[in-house]
Structure formats: C-alpha cells, structure tokens
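Below, chain A is the first sequence line, B the second, and so on; all start at residue 1. Computed over heavy atoms, backbone and side chain alike; hydrogens, waters and symmetry mates excluded.
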Amino acid sequence: MEQDNIYLPYLMQIEKVTDEAPFVKTFRLKFSNEADAAAFNFKAGQFGEYSVFGEGESTFCIASSPTREGYIECTFRQAGRVTTALATLDAGDTIGFRGPYGNTFPIEAWYGKSLLFIAGGIALPPMRCVIWNCLDLREKFKDVTILYGARTVDDLVYKHELEEWKSRPDVNLVLTVDPGGETPDWKGEVGFVPTVLDKIAPKSQDTIAIVCGPPIMIKFTFPVLEKYGFPDDMVYTTLENRMKCGFGKCGRCNIGKVYVCKDGPVFTLQQMKQLPQEF
Amino acid sequence: MEIERKLLKRSSLERLVDMMRSDGNMIYAPQKKETQVVFDTIETFADMTEDYIVSNQSPKFVAFPKIEKILDFSISQEGIRQEGTQLAAFPPVVVLGCRPCDADGFDSLTAIFNWDYKDELYNERLKRTTLISISCAQKDDYCFCTSVKGHPGSTRGSDILLTRFDGGDYLAEIVTEKGKALTEKYAALFEADPGIEKDKFLAEVKPRFEVEGLVQKCMGMFEHPVWIEQSLRCIGCGACAYVCPTCACFDIQDEAAVSKGERIRCWDSCGFGLFTIHTSGHNPREVQSQRWRQRVLHKFSYMPERLGVIGCVGCGRCSRACPVDMNLSEHLINIAEV
Amino acid sequence: MDELKQKAKELLEKQQVAVIIGYAEGTAGRTRAVFALKPEDSEKLIFDERCKQNLAVYLMKHEVKHLGRRGIVATIPVMRSILQVASEYQLTEADVHVLGITPEGKLIEFDGFKPMEHWLSGQDVGLSAGEKDELAKLDGMSMEEKWAYWKDELSRCIKCYACRAACPMCYCIRCFVESNRPQWIPIAANDLGSFEWHILRAMHLAGRCINCGECGRACPVDIPIHLLTFKGVMDVEADFGVTAGLDAGMESLLSSFKPNDKENFIR
C-alpha cells in the first residue's frame with residue numbers, strides 16, 4: 001500500500017555535484033528506480049521536497065529544464081539543518097525527493113513574445129529552469145534578455161552557463177554585482193538589480209517579465225517595470241514561503257486564502273497585488 | 001441514509017464495550033485522570049466517566065495522532081532502504097463518548113486532509129474508526145456549538161449518537177452505514193425505538209453570533225486593528241491549536257540514530273513565532289497579532305472559502321486551555337460587532 | 001483598588017507611560033491581563049487574590065515593548081522578574097514604571113530599581129510551605145520512583161510550549177529547542193523529546209527562576225512542571241547562596257565562576 005503514502009519520497013542518486021558559489025551547490029539527480037523515472041514528469045516552475053535521511057526535508061525548486069530529460073537538478077545554499085547535510089554528500093549518494101508540486105510558468109502562452117528575466121542571488125535557480133526551457137525552444141520567442149545580479153562576483157551562480165549565455169548572439173545577458181562586490185577585472189555592471197534594470201530601460205512592448213529574487217529586490221523591481229509600462233499580468237514571479245508538505249495540508253505557506261504550494265509558487269504581479277500583504 | 005432510532009440499555013452498552021473489545025477493537029473513552037478528562041483506552045465501561053462537558057484534549061488523535069510515523073529508513077553499505085508506514089496495520093478503533101462537536105471536528109479535518117491530494121495516513125485511520133458519540137446534557141460558558149452550525153444533539157459526523165434519558169438508558173441514533181454495520185453485528189443489544197423526546201435531555205446552548213455573516217465579514221477584515229487589540233495578551237504558545245479538534249497544522253521531522261531512523265509528522269501550531277520563518281530570517285508573520293489573525297481567519301474565512309467548511313465546532317477547548325484567557329467566542333462576537 | 005485605577009489614570013494622562021499592564025475581569029470567573037492605553041481604560045483595572053499571572057512576560061513582548069514606556073501592576077514575583085531580566089540586560093529602569101502591590105494588597109511605588117530591591121530584601125520571597133511539601137515529596141522518592149513519576153507526568157506533554165511562553169525569563173526569540181544545527185532535542189512530543197525539553201529548560205532557569213509558578217499554571221495538561229525549576233531554586237540557594245530576582249546588578253550564576261564554588265554536581 002506504499003503508493004498511497006503521499007509523504008513517501010522517491011529515492012534518487014546524486015550523479016554529479018557542481019560547486020556554484022561559496023556554500024552553493026548543484027546536484028544532478030537520477031531516479032534509483034527505473035519505473036519512477038518513467039512515470040515522472042514536471043513543468044517549469046515546480047518544486048519538490050528534497051531529503052537527507054536522518055536530517056529531514058527541505059523545499060526548493062527544480063532548477064533544470066523539463067526539456068532536458070533523464071535527470072533533474074537542484075541548486076541549494078547551505079543554510080539550515082538539511083542543506084548542511086546535503087552539502088556533505090557526493091556523487092553516488094542517495095537522497096529522497098517528493099514532487100513535483102505547485103503550478104507552472106505558462107510558457108506556451110508566451111510564444112511569440114520577448115522575454116525579460118530578472119534574477120537576484122540564489123533566486124537564479126528557479127529561473128534557470130524557465131530560461132533553459134525557453135532557450136531550448138528559442139525560435140518560439142523574440143528577444144531574450146537576462147538581467148542577473150548578486151552581492152559579489154563570487155556569489156554569481158551557474159558561472160559556466162552565464163558564459164554560455166553571454167556568448168550566444170540570441171541572448172542579451174546583463175550581469176551586475178552590488179556596489180563593493182566587484183573585483184578589479186569585473187566587466188559587468190555595478191549596482192542593485194532595480195537600478196540596473198532602470199538603466200537598461202526595458203521595452204514592455206509584447207514582453208513578458210519574469211522576476212525572482214529576495215523580497216527586497218522584488219519590492220523595488222516591480223515599480224521599475226511599472227515605470228516602463230509592463231502590465232501587471234505580463235509580470236511573473238515565484239514565491240518561496242516556508243513549507244513542509246508541499247500539497248496544502250501542513251498550514252505554513254498560505255498568504256490569506258492562497259496556498260503558495262498549490263496556487264503557486266508562480267504568480268503574476270496582478271495576482272500578487274490581490275494578496276494580503278503578508279509574504 | 002435515514003437515521004434509525006433504537007434503544008440501547010445501559011446494561012447493553014456495558015456488554016457492547018466488552019464485546020467490541022473482545023472482537024479486537026481499541027476503545028477510547030473519556031476518563032477522569034486527576035484534574036483532567038482525557039480520552040484513553042478503556043477495558044470495561046466502568047473505566048469511563050460520563051460526568052464531563054468535553055474532554056480537555058479533543059479525540060482528533062485517533063485519526064491525526066500527535067506523532068505519526070511516515071516511514072522507517074536504514075542506511076547501510078548497500079545503501080538506503082525506506083519503508084512506508086503500513087496502513088493496513090492501523091488498529092480498528094471505537095471512540096465512545098465523544099461529543100457531537102468532536103464528531104463534527106473530523107469533518108473539518110477530512111476537508112483539510114483530502115482537498116486535492118488525499119492523505120491516506122489520516123483516511124485509513126479514520127476509516128477504521130467508529131464514532132459513538134454521546135449528546136450533551138451539560139454545558140459551560142465556553143460552549144458555543146450552536147453558533148457554528150452545531151448542536152448538543154447533532155448527529156452530524158457521528159456513526160452512532162447516544163442520548164441518555166431517564167433511568168440511564170440510551171436512545172441510539174444510527175447515522176451512518178458504519179454505525180448500522182455495528183448495530184447489526186451486535187443486534188441483540190439494540191432494541192426498538194424507545195420513543196422518547198430527545199430534546200428534553202439536551203443542554204441548552206444559546207447562539208451567540210450569526211456565523212454566515214461573520215464569515216462574510218472576515219473576508220474583508222485582513223487589515224483591521226482588532227487583531228492587535230485582541231492579541232496583546234496572547235503569549236504565543238500552542239495550547240489552543242493542540243487541544244483543538246480541527247487544527248491540522250503539522251511539521252515533518254526525521255529522528256535518527258546513526259544508521260536507522262524514522263520520518264514523522266507531528267503537530268505544529270500557527271501561533272509559534274518561528275512557524276513561517278524563512279531560512280533567510282525573513283518572517284511573513286513576524287508578530288503575534290499576525291499569527292492570531294491567521295488562526296481566526298484560517299478557521300472563519302480561508303477554510304469556508306476554500307474547503308466549504310468552518311474550521312471551528314464551538315467546543316470551547318481553546319478558551320478553557322488558554323493560559324491567558326483568550327476567549328474565542330468573545331473575540332468572534334467582538335469581530336462581528338466592530 | 002481605586003487607588004490603583006487613579007494612579008494608572010494619572011500616569012497615562014501625564015503620558016509618563018504608554019501603557020499600563022494590569023489585571024482585568026476575564027471570563028468564567030478568571031482574570032486576565034489588560035493593556036490600558038487610554039486614561040479611561042484604567043477603569044478596567046482590578047486586583048484581588050485571583051490575579052496570579054506573571055505579567056512581566058509582556059514587558060519583553062515585541063508588540064508591547066514597541067508601545068513605549070510600560071507601567072505594570074506588580075506583585076512580588078513580577079518585581080523579581082523585572083529585576084532578573086534587568087540583570088540580563090533585557091530591560092532598564094527607563095523602560096518600566098512599577099505599580100507595586102504588597103502582599104497585603106497595598107499599592108507601593110518605587111523610584112527606580114534600588115528602592116524596589118531594598119523593599120524586596122525585607123519580604124519573604126521563598127517557596128511557600130505547600131510548595132516545599134511538594135518538593136519534599138519528590139525528594140523522598142527513590143530514583144526509580146522519580147523516573148516513573150516524571151515519565152507519567154511528561155507523557156501528557158504536547159509540546160505546546162505554554163510553560164516557555166508564560167515565563168518572563170524565557171524571552172529568547174530562538175530558543176535552544178529551535179536551533180537545529182545540531183538538533184539538540186527531538187521536536188516531537190515523544191518521551192525523549194519531552195524529557196529533554198523540560199530538563200534542559202529547568203537547567204536554563206537555574207539561578208534565574210523566581211518561583212512564580214507561572215509555567216505550571218499555564219500548562220494546559222496540568223503537568224506540575226514548576227517543580228523542576230523550583231528544585232533548581234532550592235539547590236542554587238543551598239549551594240551558591242543565590243536568589244534570583246533581587247538585584248538588577250546580579251551576575252549571571254551559570255556564566256560566572258568563583259574559585260570557592262561548590263562542584264558537588266560532578267560525581
């Protein structure tokens with residue numbers, strides 16, 4: 001009767017570990033059980049509960065694109081009990097995974113439009129899933145701009161992929177670090193994400209903006225998007241409230257009547273404005 | 001199904017307890033233990049007390065225990081093995097002597113555990129549970145079931161509702177198929193409808209507020225000073241949530257000793273300061289008034305809107321248990337009036 | 001207590017305090033804490049023998065603290081709590097105006113902590129005879145009997161943390177049970193989790209507990225949990241001659257060392 005236990009995780013093997021930044025790692029994960037792998041599918045924006053047996057579960061997004069089949073990836077910063085334990089693991093080790101949970105980015109509805117990705121710090125992982133998903137369907141979209149900022153150069157994650165995006169003629173990548181976070185040979189921008197966004201003066205015509213970052217960055221980014229005429233229903237973000245179950249039971253993640261785990265984590269700015277201000 | 005009425009003599013109820021027990025049921029009933037009335041297993045009818053208003057803690061634990069094992073795991077050279085809780089091993093349970101409000105509480109829990117994903121840990125336990133409630137002949141100032149669609153003699157949620165009448169015998173109302181199956185199994189104990197007027201033996205609980213209006217009002221109350229005013233004296237413990245028959249918030253934790261352990265689901269409370277805190281330190285509900293608002297609105301706005309049920313049965317346990325006299329019905333009346 | 005009402009009203013009118021924390025009539029014959037913010041609110045204030053809650057717990061509560069200077073109706077345990085948390089740098093004289101209540105039920109005011117310390121030094125602040133009896137009963141038990149006693153009592157614990165929430169000395173925003181690297185104590189209310197929680201809490205209150213008994217009164221499942229910290233009160237007094245909550249300048253017992261300290265806990 002095990003299949004009836006919705007709390008029972010899949011067992012997944014770590015195939016590859018990548019050091020992204022200080023205390024930030026990416027795991028590539030494969031299902032230990034073939035049947036699980038065959039039955040599994042997900043869409044951009046969804047998240048899961050990753051567990052180290054003996055330490056517990058932790059919530060984060062699936063950071064790889066559904067267009068890259070056969071594995072999933074997650075990127076986490078070592079911060080609490082579970083992520084500290086995760087950080088000690090190596091290729092070959094087994095972890096638990098429950099998911100996918102939550103709603104998705106409506107990528108098909110964006111076909112034919114330009115895309116503006118805006119991410120800060122450790123919030124690039126949830127967006128990386130969407131970025132690769134869209135880049136793998138590149139001909140479906142017009143211009144693609146990625147604005148990514150971190151506190152310091154060292155804190156930028158996916159450095160090898162940033163290089164790849166930079167070298168692509170069909171992607172406009174703008175990198176920035178907070179003032180004081182630059183190195184002598186830094187060639188990107190210096191400034192907070194909202195300030196740099198204002199500087200690049202994005203066109204809102206037929207453009208979808210996707211924003212992921214710490215609450216403070218999101219707060220100051222929305223007004224800039226409004227200034228450049230982005231309608232509220234063309235601006236997307238993903239919220240990451242604290243969760244335990246992932247499916248609307250444990251009672252933690254709700255913002256008013258809205259459950260981030262079920263109704264989100266993807267919301268438009270229009271939806272966010274209707275939420276009580278408690279997130 | 002249509003409710004059937006039967007007579008269950010007191011002596012028959014005593015025998016029923018013995019027979020259900022010898023058939024392998026765990027029977028939980030209210031017992032006086034020092035200063036408290038608690039639901040615990042009984043061996044004979046005599047172990048049970050009938051002199052109580054409601055138990056201190058609700059009987060929700062029969063389907064939602066304070067600690068529920070999710071899985072066992074072991075770590076060895078061969079790797080990690082996990083085994084989910086065997087649902088088939090849950091024992092058959094009879095809850096005897098819960099109140100109509102307690103039975104009502106399971107409807108709220110069922111709504112939470114079954115919207116969208118179905119929680120089989122809860123469902124399996126409830127499926128194996130028969131609720132034989134006893135209607136209320138007593139009440140106190142904390143009872144307000146009639147304000148939240150309940151009643152001292154309500155059959156809703158119970159499999160069988162007993163009402164004690166003159167002389168100590170019981171009117172048994174058979175409410176569900178599960179209840180019917182039980183009366184058929186022990187058919188000799190249940191006799192013809194005594195034909196009594198049930199209402200004469202019920203406590204009178206006067207309604208204090210009009211709940212539909214309150215629910216409507218709560219939908220527009222998020223930004224209101226009332227939450228701060230009401231919660232200044234709240235000290236942020238979890239007593240109200242843990243005694244509540246409808247509170248379902250939980251935590252998931254691993255407990256391990258080196259190479260083996262278990263993952264458990266245990267009670268948690270939205271009243272705790274760190275309940276919603278992010279890893280970054282950001283906390284969406286930083287202060288107690290926000291947590292108090294969450295508690296009230298979850299029960300009287302979010303649950304009605306999302307799940308179609310009110311998250312309160314008016315048992316009054318939260319208010320009796322509160323160390324600082326946070327009185328829920330008083331607060332609800334206040335909310336209806338402001 | 002017309003005098004108390006009058007005094008509270010005056011303090012609020014003259015804006016010497018932002019709030020008066022006192023007692024009011026509650027429900028079903030109980031009393032409750034009340035927060036008088038406007039002069040007319042002081043009409044709600046009462047004081048009688050039912051008023052037992054240790055109101056000092058509110059002095060450190062975020063939303064109360066941010067109201068401004070706090071006046072507080074203070075029985076001896078409340079005064080001692082104030083001095084104790086002041087000795088732990090959680091409160092200064094400027095934060096609080098004490099409306100003291102003597103054991104005879106008389107209003108007494110102090111101009112700062114020093115006069116309050118002086119007055120307290122002449123009061124009986126020890127455990128009551130009844131409390132001593134309860135402890136003596138426990139002390140008389142064998143190790144096995146004690147274990148059985150607490151196992152039975154703590155089996156009811158639901159980890160609602162009412163004991164912690166009700167205690168003025170438990171003001172930590174992140175309590176040791178909530179720090180999880182490492183996870184010191186099981187979070188669930190199982191035998192180990194409940195035992196470790198209550199024993200460690202008692203240790204954290206050694207030399208700090210002012211024997212108000214609020215933790216025991218707050219417990220919704222009636223565990224006499226105050227007996228654990230009360231035992232600490234007796235031991236600390238016997239071994240180190242220290243009584244908490246009498247001196248705002250007191251050194252923390254558990255984090256100070258003297259060469260002549262008894263080390264009889266190491267056996």
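For the atom pair CZ of B:Phe272 and SG of C:Cys160, the computed distance is 6.5 Å after rounding to the nearest 0.5 Å. Rounding to the nearest 0.5 angstrom, the gap separating the OG atom in B:Ser269 from the CD1 atom in C:Ile158 is 10.0 Å. To the nearest 0.5 Å, atoms CD1 (C:Ile187) and CG (B:Asp268) are separated by 8.0 Å. Between C:Leu67 atom CG and B:Leu232 atom CG the span is 6.5 Å, to the nearest 0.5 Å.
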Open item on the list: side-chain contact (heavy atoms from CB on, under 4.5 Å), that's the test. Do C:Lys61 and B:Ile235 meet it? Break it down for me.
Closed with: CA-CA 8 Å; C:Lys61 184 179 166 176; B:Ile235 53 176; 6.0 Å; no

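Of the two parts of B:Arg320, only the backbone, made up of N, CA, C and O, holds a non-hydrogen atom closer than 4.5 Å to a non-hydrogen atom of chain C. Heavy-atom distances place both the backbone and the side chain of B:Cys237 under 4.5 Å from chain C. Heavy atoms of B:Ser289 lying under 4.5 Å from chain C belong to its backbone as well as its side chain. Proximity to chain C (any heavy atom under 4.5 Å) is shown, for B:Glu286, by neither the backbone nor the side chain. Using a 4.5 Å cut-off between heavy atoms, B:Asp254 makes no contact with chain C at all.
Counting non-hydrogen atoms of other residues, nucleotides and ligands closer than 6.0 Å to NZ of C:Lys9 gives a total of 12 or fewer. Counted within 6.0 Å of CE on C:Met141, heavy atoms from surrounding residues, nucleotides or ligands total more than 12; the atom is thus considered enclosed. Within 6.0 Å of NZ in C:Lys146 there are more than 12 heavy atoms belonging to other residues, nucleotides or ligands.
Side-chain contact between C:Tyr58 and B:Val324 is present, with heavy atoms from C-beta onward closer than 4.5 Å. Annotation: side chain of B:Glu34 is in contact with side chain of C:Glu153 (closest heavy-atom distance under 4.5 Å). B:Glu255 is not listed as a side-chain neighbour of C:Gln183, based on a closest heavy-atom distance of 4.5 Å or more. Taking the side chain as every heavy atom from C-beta outward, B:Gln288 and C:Glu63 approach each other to under 4.5 Å.
Side chain to side chain, C:Gln53 and B:Asp325 fail the donor-acceptor criterion of an N or O pair below 3.5 Å.
Of the listed residues (C:Ala188, C:Ala166, C:Cys175), the greatest number of heavy-atom pairs within a distance under 4.5 Å of chain B belongs to C:Ala188. Most heavy-atom pairs under 4.5 Å with chain C: of the set B:Glu229, B:Gln36, B:Lys33, this distinction falls to B:Gln36.
Residues passing the salt bridge (charged side-chain N to carboxylate O under 4.0 Å, His left out) test with C:Glu88, sequence neighbours excluded: C:Arg208.
In terms of modelled atom types and a separation under 3.5 Å, the side chain of C:Lys159 and the main chain of B:Trp267 share no donor-acceptor contact.
Scanning residues 17-41 of chain C against chain B with a 4.5 Å non-hydrogen threshold yields C:Gly26, C:Thr27, C:Ala28, C:Arg30, C:Thr31, C:Arg32, C:Ala33, C:Phe35, sorted by number. Applying a 4.5 Å heavy-atom cutoff, the residues of residues 58-73 of chain B that approach chain C are B:Lys66, B:Ile67. For residues 212-228 of chain C, heavy-atom neighbours of chain B at less than 4.5 Å comprise C:Ala218, C:Pro220, C:Val221, C:Asp222, sorted by residue number.
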